[in-house]
**Q** 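This structure is in structure tokens; I'll ask about it shortly.
Along the sequence shown, residues are numbered consecutively beginning with 1.
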Amino acid sequence: MEAAIRWSPHSTQSNPRFLIIDVAGNRLRLCQIDNITKNKVSYKQICIRDKLPNYTAFDWSRKDAGLVGIGSASGEAVLVTLDPDKPDHDLLHSFPIRHQRKCNSIAFSNKNLLATGLDRVRNDVCLNIYDLNDSRVTNKDEPYKKLASSEAISSIKFFSGQPDTLVAGVSRQYVRIYDLRDSTTSGIAQFQTRQVHNIAIDPMDENYFLSAGTTGDPTVTVWDQRFVKQRSGSNEAANTGAVLEFKPVVDNSQSSSIWSLRYSGTKRGVFGVLANTGEFKVIELAQHTHSLDQGEKTPSSPAWSSPHYTKASHNLRYPWHDKEHRRDEKERVIAYDFMAAGNPLSGQCALALLPNREVEVLEVPPPAPKINVSALEEIYIDRRCVARPTPPHGTIAEDLIEIQNAALGAKHGLDQDLGSSLISNMSKVSVSNSQKSLPMLSATHPSHEMHEDLLNLGYPDVKIPLNDYLAVLQAAKRRTQEGYSLSCSKNKSIVSNDPWLVDAWTLVDRMDAHAVGDGMVGNGLDLKYLGVSAIWANELTMYDERLIDPDTKTSHEMFSDAVKEIVEGMELPPFEGAQTQYPENRQLCLSLCGWALDKQGVQKSCTQLVDDGEPYKAIVLAVFQGHKDIALSLLRSCITQKKLPQDDMALAAVISLASPTSTVSADQREACAWMADMTTDPYLKSLLTYFISNSYSAVVSLSSLALPDRIAIALKYLPDAPLTSFLTSTTASIIAAGSISGLLLTGLTARFLDLLTIHLSSHPSSLQSAVLLLSRACPLYIHDARWTLWKDAYLAGMQPWRTFLQRTKYVKEHNKYSTDREGRVANKPQMPSLTLRCLNCQLNLALRKDVKSAKQRLIPISSQPYTLSNPPRQKHSTSSPALACPNCGTQMPRCGLCMLWLGSPDPSRPGAAASLAGEDVEARLMVFCMSCSHGFHGHHARDWFARHGMCPVPDCGCMCGVLK
């Protein structure tokens, strides 16, 4: 090590100084900082001492700012003055030794003692202590104390708080602690170790100190002097082991050694390590208090018993040979020291010396601030609010539509105005009516990708303001407050910002309508809430719960007969379409898709689509449903009313010729192909595709079409085998994608849970909708642990929202849907939704005296037996157990008016403590404001709020009396 740098322990912010120790040039330079610019230090030399004897160790006096001690290569300790106010002169004093050898270490104490550690020589001491306070020191060179006879001393450090105690590395075998007040010379305690170099004591907690390995051994050990056993009468050392050991502490891919090891002096447990490869690392240590029970420890995986661990590790410089962080040779750090006393900068900083004698400031990264999100979705950093949600302006759906329009409009370059500009983009894709207020994507995007963009708000292509993100986080809470539960009609209005979710609730509503009056029961089977895939495939393996008679043997024909019975009960018209062996299955599936099976129903639904501004969709669906006359009538009407341009009259010819039996020329196909490429409407494109290809397989493969219409076209026109293949592949792909629109295919079955599992993995905020959608079938038809987990998480989330009434209403409605045909409720009894809980420990105020129930509630149980003479007393305990929490001992809150403990009798009434006869009933009640959380005796609150509206607690300001 050719040079070193030391921050002055006497520095002040107005006078920051440091010392550059040039070992190779036998020179000391005292410098003062002028300014720091971009971590570069500009300094001036205020004192220099050169032509010094060769030295190998140095230290700065703790008493005198102008005094430095160096240990020469011949073993002498030399005192050097570094005072710029005094004239330049030579050495102050040197302490000769009897046998010359290298001085390895030198150290000052706070009592102005000087210790030198020397190499080993026979028949001579190697640890000399000089008392600089003794006036005879200049006349008598004999040490004040002589220690470590014939034992080499590699490193020395004094304890600041114990100036008569020092720790030394001895003979490459021990780290020994000496107390200079002790008459013995063998030390008071020692550790057995080979890490005896670069000893450093933590000035913020002197119980801990460090030691490092020798050359080629980059190991650092952390010791705690409190764990050192006292030496017995024998000469053997008592070794209790280290607190922590870093082996190696730096990159040792190429042989490295530790040049410097020092504590920061500004933060407990933080130290820096510098290696000869230029690597400079700062390590932060911490402790934990967690202890594992014996039952948690296993022989195969023993628990880590040490409470000490590495909290953080910062690489301020990497080794010169590191491939990813190469630096020029001139930028390598060769020495460092922490800027402790008088640091002109904030935070933890270190001075780094470069080979060209330039000095830099290396800042240790501060700990990441603690970020907390409150129950109101406000973000706090170190107790300072930095962001809060955008204030609500309307319903949650209206607020979310505004945010979604801004995000998706920015992503796809659409106009940000929520007017005709958005509606004008409606022609680009196939959407439901509720999508009119949202910016539309390109027709090349399938429905699932459109929904992903909507849920992600265009991320990562678009980043909306943080306040809007926080407002979105409140969606589930606000939906619950608006009544989002199990009513389909109400739910559709609450989630109108998400058209795909609206379509899901529309389908559930349609399933409910089919199931009215056992409408989905036939041949002893209950087919309620099944999807298209299950009905078409006549699946029975997963639906044993749907048997009316549990003893009935199921079969493929049983399911098929059940479908026939259901279709006959619904009085659906005969199926018209492809040749099939299962016309009833197709009829029932088409009904679930929302397709009308009679002409009047087609006329009504298509007219409604025209009124909703979707003329192309109405016309094309009328064609695909087999009613060309309705399509031509709607076409003429739309052109007459100028809902479509005059150029679309050519569609009449396309509609007339759109039939497998029609003959189409090559020129007509070419013209239609050109029109299909030009149009952006997916339904018009699908009609032209069929006209060109004369195949419905090409139509159902168009992902731009809405999924229910694709499935319905396949059900009507594809033969049995291609239909089975299409439904199987589509179901598998839509489950793998986690698209919520797959509910039509899966139904409320275990397959829908698989779909939601994937959906929730990318959109956890959809947990609320997932639970509510499944509530009709779980646990009545489906028994799955995922449902129980999701439901419990949702109900638990409603507690901090304080939506207790909504939670109770949901549980009541869910029990109604979970009742079987015999009137038995499949739900397990729920814990009471409204309970009195302690504000301190949040546990039920019901007494828990037995050990078993207390352990289940994680209540600490005293190991001492409970006796009348030794009752258990806990923190915050009170002398009146009836007025305190039985779990943690916290007292009941006080009444905001009389300031007496709630739960105590009214002392104003004579005999109140002895008898309750004739007492006001409300006086026995405790009432709390749900807004400000203040409590009152019932009769006090009644009398106060009869005349006032504001809370009586000073500075509260809550209008408790007007809240209903």
**Q** Does S346 have any side chain to side chain donor-acceptor pair (under 3.5 Å) partners at least two apart in sequence or in another chain, and if so, which?
**A**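 Applying side chain to side chain donor-acceptor pair (under 3.5 Å) to S346 gives none.
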**Q** Looking only at non-hydrogen atoms, find the nearest pair between A340 and T266 and report the distance.
**A**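 The answer is CA-CG2, 3.9 Å.
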**Q** Listed by chain and number, what are the ring-ring contact (aromatic ring centres under 6.0 Å, His included) partners of H759, not counting sequence neighbours?
**A**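 H763.
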**Q** Do V364 and L316 make a side-chain contact, defined as non-hydrogen atoms from C-beta onward lying under 4.5 Å apart?
**A**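 Yes, at least one pair of side-chain atoms sits under 4.5 Å.
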**Q** Among residues at least two apart in sequence or on other chains, which ones pass ring-ring contact (aromatic ring centres under 6.0 Å, His included) with W790?
**A**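 By the ring-ring contact (aromatic ring centres under 6.0 Å, His included) rule, W790 matches no residue at all.
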**Q** Applying side-chain contact (heavy atoms from CB on, under 4.5 Å), run through Q162 and I201 and close with a yes or a no.
**A** CA-CA 12 Å; Q162 306 171 58; I201 301 173; over 6 Å; no
**Q** Considering residues at least two apart in sequence or located in another chain, which fulfil the side chain to side chain contact (heavy atoms under 4.5 Å, CB included) criterion with N110?
**A**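 N110 satisfies side chain to side chain contact (heavy atoms under 4.5 Å, CB included) with R62, S160, P163 only.
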**Q** So which pairs with a foot in residues 385-395 pass side-chain hydrogen bond (donor to acceptor under 3.5 Å, both in side chains), sequence neighbours left out?
**A**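 Pairs touching residues 385-395 that pass the test: E378-R388, T390-D468.
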**Q** Might you point out which heavy atoms bring P499 and L454 nearest each other, and give the distance in Å?
**A**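 That closest heavy-atom pairing would be CD-CD2, 3.9 Å.
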**Q** Does a side-chain heavy-atom distance below 4.5 Å link L897 with D943?
**A**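 In short, these two side chains do not touch, never coming nearer than 4.5 Å.
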**Q** Return the set of residues passing side chain to side chain contact (heavy atoms under 4.5 Å, CB included) with W787 (not counting sequence neighbours), or none when no residue passes.
**A**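 Only L753, V771, L774, S775, C778, P779, K791, Y810, H814 meet the side chain to side chain contact (heavy atoms under 4.5 Å, CB included) criterion with W787.
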**Q** Any non-hydrogen side-chain atom of Y263 less than 4.5 Å from a side-chain atom of M204?
**A**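 Heavy-atom side-chain distance check fails, nothing below 4.5 Å.
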**Q** To the nearest 0.5 Å, what is the distance between CG on D453 and CG on D461?
**A**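 It comes to 7.5 Å.
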**Q** Is a side-chain N or O of R802 found less than 3.5 angstrom from the main chain of S931, in a donor-acceptor match?
**A**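 It does not hold such a pair.
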**Q** Is any side-chain heavy atom of V508 closer than 4.5 Å to a side-chain heavy atom of K492?
**A**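 Contact flag for V508/K492 side chains = no.
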**Q** Mind checking whether S487 and E813 have side chains closer than 4.5 Å, heavy atoms only?
**A**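 When only atoms from C-beta onward are counted, E813 and S487 do not touch, as no gap falls below 4.5 Å.
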**Q** To the nearest 0.5 Å, tell me how far H451 NE2 sits from L455 CG.
**A**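 If I round to the nearest 0.5 Å, the distance is 4.0 Å.
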**Q** Determine, stepwise, if the pair C932 / V953 fulfils side-chain contact (heavy atoms from CB on, under 4.5 Å).
**A** CA-CA 10 Å; C932 65; V953 177; over 6 Å; no
**Q** Please step through side-chain contact (heavy atoms from CB on, under 4.5 Å) for the pair V462 and L457, ending with a clear verdict.
**A** CA-CA 7 Å; V462 176; L457 299 175; over 6 Å; no
**Q** Could you tell me whether the side chain of S496 and the main chain of S493 form a donor-acceptor pair under 3.5 Å?
**A**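 Yes; judged by distance alone, with no hydrogens or angles, the pair exists.
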**Q** Considering residues at least two apart in sequence or located in another chain, which fulfil the side chain to side chain donor-acceptor pair (under 3.5 Å) criterion with N15?
**A**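 Only R17, Q32 meet the side chain to side chain donor-acceptor pair (under 3.5 Å) criterion with N15.
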**Q** Determine the minimum heavy-atom distance between M339 and P344, stating which atoms define it.
**A**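 Closest pair (atom of M339, atom of P344, distance): CE-CD, 3.8 Å.
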**Q** Measure the spacing between CD of E482 and NZ of K477 and express it to the nearest 0.5 Å.
**A**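 Separation between the atoms: 12.5 Å.
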**Q** Run the ring-ring contact (aromatic ring centres under 6.0 Å, His included) test against F945 and tell me which residues pass, sequence neighbours left out.
**A**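 ring-ring contact (aromatic ring centres under 6.0 Å, His included) check on F945 returns F936.
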**Q** Considering only heavy atoms from C-beta outward, does the side chain of I740 approach that of L756 to under 4.5 Å?
**A**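 Contact flag for I740/L756 side chains = yes.
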**Q** Hey, could you give me the CZ/CG distance between R894 and L902, rounded to the nearest 0.5 Å?
**A**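 Rounded to the nearest 0.5 Å, the CZ-CG separation comes to 10.0 Å.
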**Q** A side-chain contact here means heavy atoms from C-beta on lying under 4.5 Å apart; do L285 and H308 qualify?
**A**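 Heavy-atom side-chain distance check fails, nothing below 4.5 Å.
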**Q** Take atom NZ in K311; do more than 12 heavy atoms of anything else shown fall under 6.0 Å from it?
**A**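 Count not over threshold, so no.
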**Q** For the backbone of Y484 and the side chain of N491, can you confirm whether one donor and one acceptor N or O come within less than 3.5 Å of each other?
**A**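 Looks like no, no N/O pair under 3.5 Å.
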**Q** Mind checking ring-ring contact (aromatic ring centres under 6.0 Å, His included) for H934 and listing every partner two or more places apart, or none if nothing turns up?
**A**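 If we apply the ring-ring contact (aromatic ring centres under 6.0 Å, His included) test to H934, skipping adjacent residues, there are no hits.
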**Q** Who pairs with D202 by side chain to side chain donor-acceptor pair (under 3.5 Å), at least two apart in sequence or on another chain?
**A**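 Residues passing side chain to side chain donor-acceptor pair (under 3.5 Å) with D202: none at all.
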**Q** Please report the closest heavy-atom contact between N497 and Q404, naming both atoms and the distance.
**A**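 For N497 versus Q404, the nearest heavy atoms are ND2-NE2, 3.0 Å.
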**Q** Test side-chain contact (heavy atoms from CB on, under 4.5 Å) on Q806 and W801; report intermediate values, then the result.
**A** CA-CA 10 Å; Q806 292 86 343; W801 297 344; over 6 Å; no
**Q** Does any N or O in the side chain of T803 come within less than 3.5 Å of the main-chain N or O of M798, such that one atom is a donor and the other an acceptor?
**A**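 Checking the backbone N and O of M798 against the side chain of T803, a donor-acceptor pair under 3.5 Å is found.
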**Q** Quick one, R268 and Y208 - any side-chain contact, counting heavy atoms below 4.5 Å?
**A**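 R268 reaches Y208 side chain to side chain.
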**Q** Please identify each residue that fulfils side chain to side chain contact (heavy atoms under 4.5 Å, CB included) with E377, with sequence neighbours left out.
**A**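 E377 satisfies side chain to side chain contact (heavy atoms under 4.5 Å, CB included) with V373, P389, L473, Q474 once adjacent residues are dropped.
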**Q** In Å, rounded to the nearest 0.5 Å, how long is the span from CG of L805 to OG1 of T480?
**A**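 So the gap between those two atoms works out to 12.5 Å.
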**Q** Can you name the closest pair of heavy atoms from C951 and W944 and give their distance?
**A**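 Taking C951 first and W944 second, the nearest heavy atoms are C-NE1, 4.3 Å.
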**Q** With rounding to the nearest 0.5 angstrom, report the OG to CZ distance, S485 to R807.
**A**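 S485 OG to R807 CZ: 12.5 Å, rounded to 0.5 Å.
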**Q** Could you tell me which residues satisfy side chain to side chain contact (heavy atoms under 4.5 Å, CB included) with V270, sequence neighbours excluded, listed by chain and number?
**A**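 Once residues adjacent in sequence are excluded, the partners of V270 under the side chain to side chain contact (heavy atoms under 4.5 Å, CB included) criterion are S264, K267, V282, E284, Q348.
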**Q** Identify the heavy atoms of I396 and I494 that sit nearest to each other, and give their distance.
**A**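 Heavy atoms only, the tightest pair is CG2-O, 4.1 Å.
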